[in-house]
Asks: 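Structure provided below as structure tokens; questions to follow.
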2 protein chains.
Amino acid sequence: MSTGKLDTEVRQSQIAQAALSLIASHGLKGLSIARIARKVGIVPSAIYRHFKNKEEMLDAILHHIQKRLLDNIDIVCNETLEPLDQLRRLLMYHVKLIRENQGILRIIFSEDFCHGHPKRKGRVYDIILNYLNNVDKIIIQGQQEGKIRRDIGPATISLMFLGIIQPAAILWHISDGKFDVTRHAEKAWKTFSECLIMK
Amino acid sequence: MSTGKLDTEVRQSQIAQAALSLIASHGLKGLSIARIARKVGIVPSAIYRHFKNKEEMLDAILHHIQKRLLDNIDIVCNETLEPLDQLRRLLMYHVKLIRENQGILRIIFSEDFCHGHPKRKGRVYDIILNYLNNVDKIIIQGQQEGKIRRDIGPATISLMFLGIIQPAAILWHISDGKFDVTRHAEKAWKTFSECLIMK
DNA sequence: CATTAATGTGAATAGTGATTCACATGAGAA
DNA sequence: TTCTCATGTGAATCACTATTCACATTAATG
């Protein structure tokens, strides 16, 4: 209406973004084609010009999430070469990503998103593993450089790393933003990194 | 049908249990009155003999969860008086609880469950805070006894404590049980507790 | 300018959801 | 036994869902 006609790629991206944001505000149950369309500023049936059906659209959201996660890895790797620094920064970028996109955690946790779609469930799994593998790489690098202790496996460390933010993120979103994730992340990182440093 | 008529308290309990189990297997979106009724063995409209509406029934589930969480605290406090031991055991009981009741994490993360019901959202928040407060108490006890370092706040520690399991639990349930949560919990606990001990 | 393919629209369809209601049944009290 | 109330039933209602289709509009292309 206000925007006129747009390329299908632009629309696909708009739709995925709108959907992710609606998942954050209304949950997966509240994610209807009608609502997405309203948010994008088009009519429900127009969604089908850009996606075969709702399923295909949900897959697009997944792709979007994967991209955002891996972008963060790239960013920190370009900002610094120091593994511990990379981790600290990644932590903060992750907090930012989660804060700006609450839908991500919901998708990962919900059975709704994957139920009856083992293929999609597998993709969610792959996305997480892929992200963790990248964190692993940073850790291994740190271990090789003698900056991170070598008596813990990288996989354990990277999962614990995610664990710094995860529960805090829950509190943050359940408390309607009252809980201060960033502050917790900083404090927890202080303890965690201290624990990681090779003595 | 097969069971005949039952007391409303019995039915309420049956219904809540069926609902929680359906959330685990079909997600919140798949949690319909019809499905619950079928699982319990009655007709959809019969649900309304025992709950005013669906909302009231969801509240019953919350109560059930809260009880299970606090039960674990009681159990570990009765099993041992050693704070670090209590934490380790709590970790394992928590893993067990999450494993047996995947629905719990889903409820906590889903906006569906609380959307448009600030009161219920507040209750979920309270349940978590309450649980964390109990973990805090254990930690404070440990700090007073000189067994846990005092330079980190108990609240930070208790959240990090939950963080040991959270991401692993996600992997476990997304991987259809392939990921070994217990193993990760043990390894992570080793590192974490070492980091907690007062030097 | 005229054409065409891509994109947007509004109405219609078919399914499913929660909820209500008039009625049926059964178990225990009188 | 008979009465009564709690519980169970089946049909009906209303809102909302995804999806389709015939048609309108726009942007770019020849």
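First the proteins, then the strands, lettered A, B, ... as listed; each starts at 1.
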Asks: Rounding to a whole Å, what distance do you find between B:Ile33:CD1 and D:dG8:P?
Replies: 14 Å

Asks: Between B:Glu100 and B:Lys96, does any NZ, NE, NH1 or NH2 come within less than 4.0 Å of an OD or OE carboxylate oxygen?
Replies: yes

Asks: May I have the distance from B:Gln14 (atom CD) to D:dT7 (atom C1'), rounded to whole angstrom?
Replies: 13 Å

Asks: Rounded to the Å, how far apart are B:Glu9 CD and D:dT7 P?
Replies: 9 Å

Asks: Do A:Leu105 and A:Gln166 have side-chain heavy atoms sitting under 4.5 Å apart?
Replies: yes

Asks: Atom OH of A:Tyr48 to atom C1' of D:dT19: distance rounded to whole Å?
Replies: 5 Å

Asks: Counting side-chain heavy atoms from C-beta on, which of C:dG8, D:dA18, C:dG17 comes nearest to A:Ser32?
Replies: D:dA18

Asks: Check whether more than 12 heavy atoms from other residues, nucleotides or ligands sit under 6.0 Å from atom NZ of B:Lys137, and answer yes or no.
Replies: no

Asks: Think B:Arg11 has a side-chain N or O under 4.0 angstrom from the OP1 or OP2 of D:dG8?
Replies: yes

Asks: Would you classify A:Ile36 as touching base, sugar-phosphate or nothing, given that sugar-phosphate means primed atoms plus P, OP1 and OP2, and contacts are heavy atoms under 4.0 Å?
Replies: nothing

Asks: What does the inter-axis angle of the helix from C:dC1-D:dG30 to C:dA30-D:dT1 come out as, five pairs per end, nearest 10 degrees?
Replies: 0°

Asks: Short question: side chain of A:Arg35, backbone of A:Leu22 - any donor-acceptor pair under 3.5 Å?
Replies: no

Asks: Using the rule side-chain contact (heavy atoms from CB on, under 4.5 Å), only one of B:Val10, B:Ile47, B:Ile61, B:Ile33 pairs with B:Ile15; which is it?
Replies: B:Ile47

Asks: Any carboxylate oxygen within less than 4.0 angstrom of a Lys/Arg side-chain nitrogen, looking at B:Glu111 and B:Lys121?
Replies: yes

Asks: Students often get this wrong, so: under 4.0 angstrom with heavy atoms, is B:Ile47 touching a base, only sugar-phosphate, or nothing?
Replies: nothing

Asks: Taking the ring of B:His94 and the ring of B:Tyr131, is the distance between their centroids below 6.0 Å?
Replies: yes

Asks: Among the nucleotides D:dT9, D:dT20, C:dT19, which one has an atom lying closest to any side-chain atom of B:Ser45?
Replies: D:dT9

Asks: Where do N or O atoms of nucleotides 26-29 of chain D meet protein N or O atoms at under 3.5 Å, pair by pair?
Replies:
unit_1	atom_1	unit_2	atom_2	d
D:dT26	O2	A:Lys5	NZ	3.2

Asks: Do the non-hydrogen side-chain atoms of A:Ile73 and A:Cys77 ever get within less than 4.5 Å of each other?
Replies: yes

Asks: So, A:Ser158 side chain and A:Pro154 main chain: donor-acceptor pair closer than 3.5 Å or not?
Replies: yes

Asks: Between A:Glu56 (CD) and D:dT19 (P), how many Å, whole number?
Replies: 11 Å

Asks: Checking side-chain hydrogen bond (donor to acceptor under 3.5 Å, both in side chains) between B:Gln141 and each of B:Gln143, B:Gln144, B:Glu145, which is the one that passes?
Replies: B:Glu145

Asks: Can you tell me how far P of C:dA6 sits from CD of A:Gln12, to the nearest Å?
Replies: 14 Å

Asks: Compare the minimum distances between each of D:dT7, D:dT19, D:dA22 and the side chain of B:Arg49, then state the nucleotide with the smallest one.
Replies: D:dT7

Asks: Looking at A:Arg150, I want to see if its CZ is surrounded by more than 12 non-hydrogen atoms of other residues, nucleotides or ligands under 6.0 Å.
Replies: yes

Asks: What are the residues of residues 17-28 of chain A, sorted by number, that bring a heavy atom to within less than 4.0 Å of DNA chain D?
Replies: none

Asks: If I take atom CE in residue A:Met57 and atom C1' in nucleotide D:dT19, what distance separates them, rounded to the nearest angstrom?
Replies: 14 Å

Asks: In whole Å, I'd like the distance from the CD atom of B:Glu55 to the P atom of C:dG17.
Replies: 16 Å

Asks: Please compare A:Ala34 and B:Ala46 by the position of their nearest nucleotide in DNA chain D and report the one closer to 5'.
Replies: B:Ala46

Asks: From the list D:dG8, C:dT9, C:dT19, which nucleotide is the closest neighbour of the side chain of B:Ile42?
Replies: D:dG8

Asks: Does a side-chain N or O from B:His50 land closer than 4.0 Å to OP1 or OP2 of D:dG8, or not?
Replies: yes

Asks: Is B:Asp71 salt-bridged to B:Lys67, cutoff N-O under 4.0 Å?
Replies: yes

Asks: Please verify the inter-ring angle class for A:Phe161 with A:Trp189; under 30° counts as parallel, over 60° as perpendicular, anything in between as tilted.
Replies: perpendicular

Asks: So if I take every side-chain heavy atom of B:Asn53 and compare against C:dG8, C:dT19, D:dT19, which nucleotide ends up nearest?
Replies: C:dT19

